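Input: a single structure, listed below in structure tokens.
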Amino acid sequence: MGFSTTAIHAGNEPDIATGAVSVPIYQTSTYAQDGLGRHKGFEYARTQNPTRSALEKNIAALEGAKFGFAFASGMSAIDATLKLVKAGDHVILGDNTYGGTFRLFSRVLSEYGVEFDLVDTSDVTNLEPAFRSNTKMVFVETPTNPVMTVTDLQAVSDMAHARGARVVCDNTFMSPYFQRPIEFGVDIVVHSTTKYLNGHSDSVGGFVALNDEKDAEWIGFIQNSVGAILSPFDSFLVLRGTKTLAVRMEAHDKNGRMVANFLAEHPRIERVFYPGLASHPQHELAKRQQTGFGGMVAFETGSLANAKKVLESVKLCTLGESLGGVESLISHPASMTHASVPQEKRESLGITDGLVRVSVGIEDIEDILADLDQALS
Ligand SMILES: *Cc1c(COP(=O)(O)O)cnc(C)c1O
């Protein structure tokens, strides 16, 4: 089946009780049991909820995974995934992950004895010397936020597997429509469904998709034991969102390319970060690994004052954190999403004070370009 057919039908069987075509919001905490030890497979809603199960089937199918688990946020999905490693284990972490992921490693997991090293995984030759005898996991994000660095998933998977380590990929930026990491050997895919999967800026959620039965059993056990589950209503929203994922991603991609080209030719812009531009250092890899480039574009204005001017002059684009919604959002990574990353680290990653990031929405492209044009002049 094609991607859109899967997106619309996987997990979306008509409701058994009523025939409802849209999966109902099973807003219940518990279920009536027929007798002692006899029930319909549902006992308590932290453990099982039909709306959440439908979403779990849906996104797992989109990622080409056997198992899927929906969480209350992207961070709780990532946290559950990291419960596959223990005190004394070592993780290789991409040096430019989402700020919250870096914070989870540096401030939380480090307190529990999990060791990690930051590595620029965009050059796989950096990876080899980072492996240790206790390396159990390589965690990457591609493309990265906000400078859109691309990591070769097949190369990383081959290298990690030869050393007995799992590979986790945060696929939030591309969504399974443009990139399916499992096809390149990645073991576990994580998502913030808050972004493109839900796509309408009205829900916070996370997801873990994987094929290994033993790891899936543990993630499911953690989901129930810790209880950071996605609510029935949010499950419904994301399930509604994925039905239009293909058309939305096509629109984000089309507009993203136009914005990147416009900025690349603008005299006031020093540099544009977008894997779809031929000038992007990993354009060829991005073409091989992704089927599109998406709607995330970052650009260098040269100074904090210039960035401030742009951010405060836009009228259509909304100043705010987050991304992946139908509306265009604009942000200042250094002071917003990456404020928790130390300044010198930020600068070495290219997250300067003059950097501006746009999550290009699916409004009419003429209106988006006109807004950026007036803000830049
Ligand atoms: C937003 C985001 C997260 C965290 O997800 P939440 O839903 O905010 O908890 C993780 N990774 C990436 C790439 C993100 O953009």
Side-chain angles (χ1 to χ4, degrees), residues 52 55 59 63 68-82 91 93-109 118 121-122 139-151 153 168-179 181 186 188-209 223 226-231 233-235 237-238 241-242 249 252 256 273 275 290 293-298 320-325 329-333 336-341 349 351 357-361:
R52 194 177 84 222
L55 176 69
I59 300 181
E63 283 291 356
F69 301 92
F71 287 88
S73 67
M75 287 321 304
S76 57
I78 292 170
D79 180 62
T81 303
L82 282 154
V91 179
L93 177 64
D95 70 345
N96 184 22
T97 51
Y98 177 73
T101 304
F102 173 71
R103 182 174 56 197
L104 181 66
F105 274 91
S106 60
R107 303 284 302 278
V108 182
L109 293 166
L118 297 175
T121 56
S122 66
F139 189 109
V140 298
E141 199 175 304
T142 180
T144 62
N145 174 26
V147 291
M148 308 301 285
T149 309
V150 181
T151 286
L153 293 173
V168 180
C169 176
D170 183 333
N171 198 27
T172 300
F173 268 38
M174 282 297 105
S175 91
Y177 184 67
F178 282 140
Q179 177 171 275
V186 166
I188 303 172
V189 176
V190 295
H191 275 285
S192 167
T193 62
T194 313
K195 318 297 166 52
Y196 289 106
L197 285 171
N198 181 57
H200 294 73
S201 307
D202 51 13
S203 161
V204 171
F207 204 84
V208 181
Q223 186 193 39
V226 178
I229 47 163
L230 192 64
S231 78
F233 183 57
D234 287 281
S235 297
L237 285 176
V238 183
T242 59
M249 290 314 289
H252 282 294
F273 301 86
Q290 306 164 196
F293 304 111
M296 297 304 298
V297 183
E321 293 198 5
S322 199
L323 59 110
L329 289 171
I330 195 160
S331 70
H332 185 240
M336 295 167 75
T337 49
H338 288 67
S340 59
V341 179
L349 294 170
I351 307 170
R357 186 190 82 177
V358 192
S359 169
V360 182

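Since the structure is predicted, the reported quantities are computational estimates derived from the model, not experimental observations. Just follow the structure's listing: the first ligand is 1, and inside any ligand the first atom is 1.
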#### Entry: Residue and atom name of the nearest protein heavy atom (relative to atom 4 (C) of ligand 1), distance in Å to one decimal
Y98 CE2, 3.4 Å
### Approximate separation, where rounding is to 0.5 Å, of H252 NE2 and Y177 OH
12.5 Å
### Query
What are the atoms of ligand 1, with element, lying closer than 4.0 Å to any heavy atom of E141?
13 (C)
### Task
Around atom 15 (O) of ligand 1, find the nearest protein heavy atom and jot down its residue, atom name and distance.
K195 NZ, 2.7 Å
### Query
Out of D234, V238, V204, which residue meets the side-chain contact (heavy atoms from CB on, under 4.5 Å) rule with T193?
V238
### Query
Backbone or side chain, does any N or O of F173 fall under 3.5 Å from an N or O of ligand 1?
no
### Message
Under a 3.5 Å distance rule, please check whether T142 uses its side chain to pair with a backbone N or O of T151 as donor and acceptor.
### Response
yes
### Task
Check whether any side-chain heavy atom of Y196 sits under 4.5 Å from a side-chain heavy atom of L323, and report yes or no.
yes
### Query
Heavy-atom contact under 4.0 Å between N145 and ligand 1?
no
### Message
Tell me whether ligand 1 is touched by G205 - counting only heavy atoms on the residue side and a distance under 4.0 Å.
### Response
yes
### Task
Please could you name the atoms of ligand 1 that G74 approaches to less than 4.0 Å, counting only its heavy atoms?
5 (O), 6 (P), 7 (O), 9 (O)
### Query
Can you list the ligand 1 atoms lying under 4.0 Å from a non-hydrogen atom of S73?
7 (O), 9 (O)
### Query
Checking S175 side chain against L197 main chain: does a donor-acceptor pair fall under 3.5 Å?
no
## Note on the structure
Nearest non-hydrogen protein atom to atom 11 (N) of ligand 1, with distance, is D170 OD2, 2.6 Å
#### Entry: Beyond-backbone contact of Q179 with F173, side-chain heavy atoms, under 4.5 angstrom
no
### Those atoms of ligand 1 less than 4.0 Å from some heavy atom in M75
4 (C), 5 (O), 6 (P), 9 (O)
### Contacting atoms of ligand 1, where contact means under 4.0 angstrom from a heavy atom of S192
1 (C), 2 (C), 3 (C), 4 (C), 5 (O), 6 (P), 7 (O)
### Query
How far does CD1 of I229 sit from CZ of F69, to the nearest 0.5 angstrom?
13.5 Å
#### Entry: Check: T149 main-chain N/O paired with T144 side-chain donor or acceptor under 3.5 Å
yes
### Message
Has H338 got a side-chain atom pairing as donor or acceptor with N145's backbone, closer than 3.5 angstrom?
### Response
yes
### Query
Polar-atom distance check: T101 versus ligand 1, any N or O pair below 3.5 Å?
no
### Task
Report yes if some N/O of L323 lies less than 3.5 Å from some N/O of ligand 1; otherwise report no.
no
